[in-house]
Visitor: 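The structure's right below; bear with me while I get my questions together.
So you know, we letter chains A, B, ... as the sequences are listed, proteins then strands, and number each from 1. All values below come from the heavy atoms of this structure, side chains included, with hydrogens, waters and symmetry mates left out.
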Amino acid sequence: MRLDQAFFRRDALDVARDVVGALLLRGPVTLRITEVEAYRANGDTANHCRFGLTARNAAMFGPPGHAYIYLCYGMHWMLNLVTDEAGVGAAVLVRSAEVVEGHDIVLARRFASREAPTLSAMTRRQQDELLAGPGKVGQALDLGTAMNHHPLYRRGGLEIHASPAPLPPLAVGPRVGIDYADPEHRDAPWRVADANSPSVSARKTLSPPTRLKPLARGAG
DNA sequence: AACACGATGGACT
DNA sequence: GTCCATCGTGTTA
């Protein structure tokens, strides 16, 4: 079942907590999201929108439920899920995932221009780390500028579907690679991961499974 | 027109 | 742990 636009028309942190376990689909590839980060409105000094609207971050100021995709370090394409109302610059960065469908294509993309192993030839650790990191997720989904602004809640192209399983226990921690932010935002636990997934980046700075905060999820 | 800098990942000591 | 590839973007001139 596709997530609808209303799902994304909320604070980025709430969306982040609810989107772990959701599925990303593009063609033959299906991924399960295992780790995300919230880049929030109201003065988050790590947010790409902290200096206002620019050509790069325009998608973040657009309608919720669309993709914001940008190039990082000149070579890695990052997928974000736009949140909040249009006009508010906020989004959730997809940092890690597990392959559900399309292992062979994902392996070919991940090992393009390198020696491509088969899944069974990889160690457990290599399998766990296959899509542990935002650049790896972008590679697996063959992201580029073509998918920037793409609506994820409609059929076609890149889609996002609700988790088919009960939502997992979560671990939280500070966001990665934002040392430039003010300490208040640099240290905020706005990174959220499936506490039971082996496919998570920078595990050392994640908490144990947390029961804090009754999250916005039914009668949980 | 020139420049500094990444919401990273892979190779290597 | 260290090093660095690589390029669009935002800033400055």
Visitor: If you assign A:Leu53 and A:Cys72 each to the DNA chain C nucleotide with the nearest heavy atom, which residue ends up on the more 5' nucleotide?
Guide: A:Cys72
Visitor: From CG of A:Leu81 over to P of B:dA7, roughly how many Å is that when rounded to an integer?
Guide: 17 Å
Visitor: Cluster question for you: counting only ILVMFWY and a side-chain heavy-atom cut-off of under 4.5 Å, with indirect links fine, are A:Trp190 and A:Leu93 together?
Guide: no
Visitor: Looking at the side chain of A:Tyr70, which of B:dG9, B:dA7, C:dG10 is the nearest nucleotide?
Guide: B:dA7
Visitor: Send over the distance from A:Leu71 CG to B:dG6 C1', rounded to a whole Å.
Guide: 10 Å
Visitor: Can you tell which of B:dG9, B:dG6, B:dA7 lies closest to the side chain of A:Tyr180?
Guide: B:dA7
Visitor: Taking the side chain of A:Arg56 as its heavy atoms from C-beta onward, which of B:dG9, C:dG10, B:dT8 lies nearest to it?
Guide: C:dG10
Visitor: Can you tell me the distance, in whole Å, between the CG atom of A:Asn80 and the P atom of B:dG6?
Guide: 17 Å
Visitor: Calculate the interatomic distance between A:Lys136 atom NZ and B:dG9 atom C1'; express it in whole Å.
Guide: 7 Å
Visitor: Does B:dG10 pair with anything, Watson-Crick or G-U wobble, both distances under 3.5 Å, and if so, with which nucleotide?
Guide: C:dC3
Visitor: Could you check whether A:Phe51 and the base of C:dG10 form a stacked pair, meaning centres closer than 5.5 Å and planes differing by less than 30°?
Guide: no
Visitor: So A:Ile178, base contact, sugar-phosphate only, or nothing? Heavy-atom distance under 4.0 Å.
Guide: sugar-phosphate
Visitor: State which of B:dG10, C:dG10, B:dT8 makes the closest approach to the side chain of A:Arg95.
Guide: B:dT8
Visitor: What does C:dG8 pair with, Watson-Crick or G-U, if both distances are under 3.5 Å?
Guide: B:dC5
Visitor: Looking at A:Glu129 and A:Arg125, is any side-chain nitrogen of the basic one under 4.0 Å from a carboxylate oxygen of the acidic one?
Guide: yes
Visitor: Using whole Å, what does the distance between atom C1' of nucleotide B:dG10 and atom CZ of A:Arg110 come to?
Guide: 9 Å
Visitor: Looking at B:dG9, C:dC7, B:dA7, which one has an atom nearest to any side-chain atom of A:Pro134?
Guide: B:dG9
Visitor: Starting from C1' on C:dC4, measure out to OH on A:Tyr73 and report it in whole angstrom.
Guide: 11 Å
Visitor: Under 3.5 Å, is there a donor-acceptor pair linking the side chains of A:Glu101 and A:Thr30?
Guide: no
Visitor: Using whole Å, what does the distance between atom C1' of nucleotide B:dG9 and atom CZ of A:Phe111 come to?
Guide: 12 Å
Visitor: How close or far is atom P of C:dG1 from atom NZ of A:Lys204, stated in whole angstroms?
Guide: 7 Å
Visitor: Using the rule ring pair (Phe, Tyr, Trp, His ring centres under 6.0 Å), only one of A:Tyr70, A:Phe61, A:Tyr180 pairs with A:His48; which is it?
Guide: A:Tyr70
Visitor: Applying a 4.0 Å non-hydrogen cut-off, can you work out what A:Arg175 is touching in the nucleic acid: base, sugar-phosphate, or nothing?
Guide: nothing
Visitor: Within the 3.5 Å criterion, strictly below it, is a donor on A:Ser197 or A:Arg32 matched to an acceptor on the partner's side chain?
Guide: no
Visitor: Would you say that A:Tyr68 contacts A:Asn148 through its side chain, given a criterion of any heavy-atom pair below 4.5 Å between the two side chains?
Guide: yes
Visitor: Assign each of A:Met75 and A:Ala55 to its nearest nucleotide of DNA chain C by heavy atoms, then name whichever residue's nucleotide is nearer the 5' end.
Guide: A:Met75
Visitor: Among the nucleotides B:dG9, C:dG8, B:dA7, which one has an atom lying closest to any side-chain atom of A:His76?
Guide: B:dG9
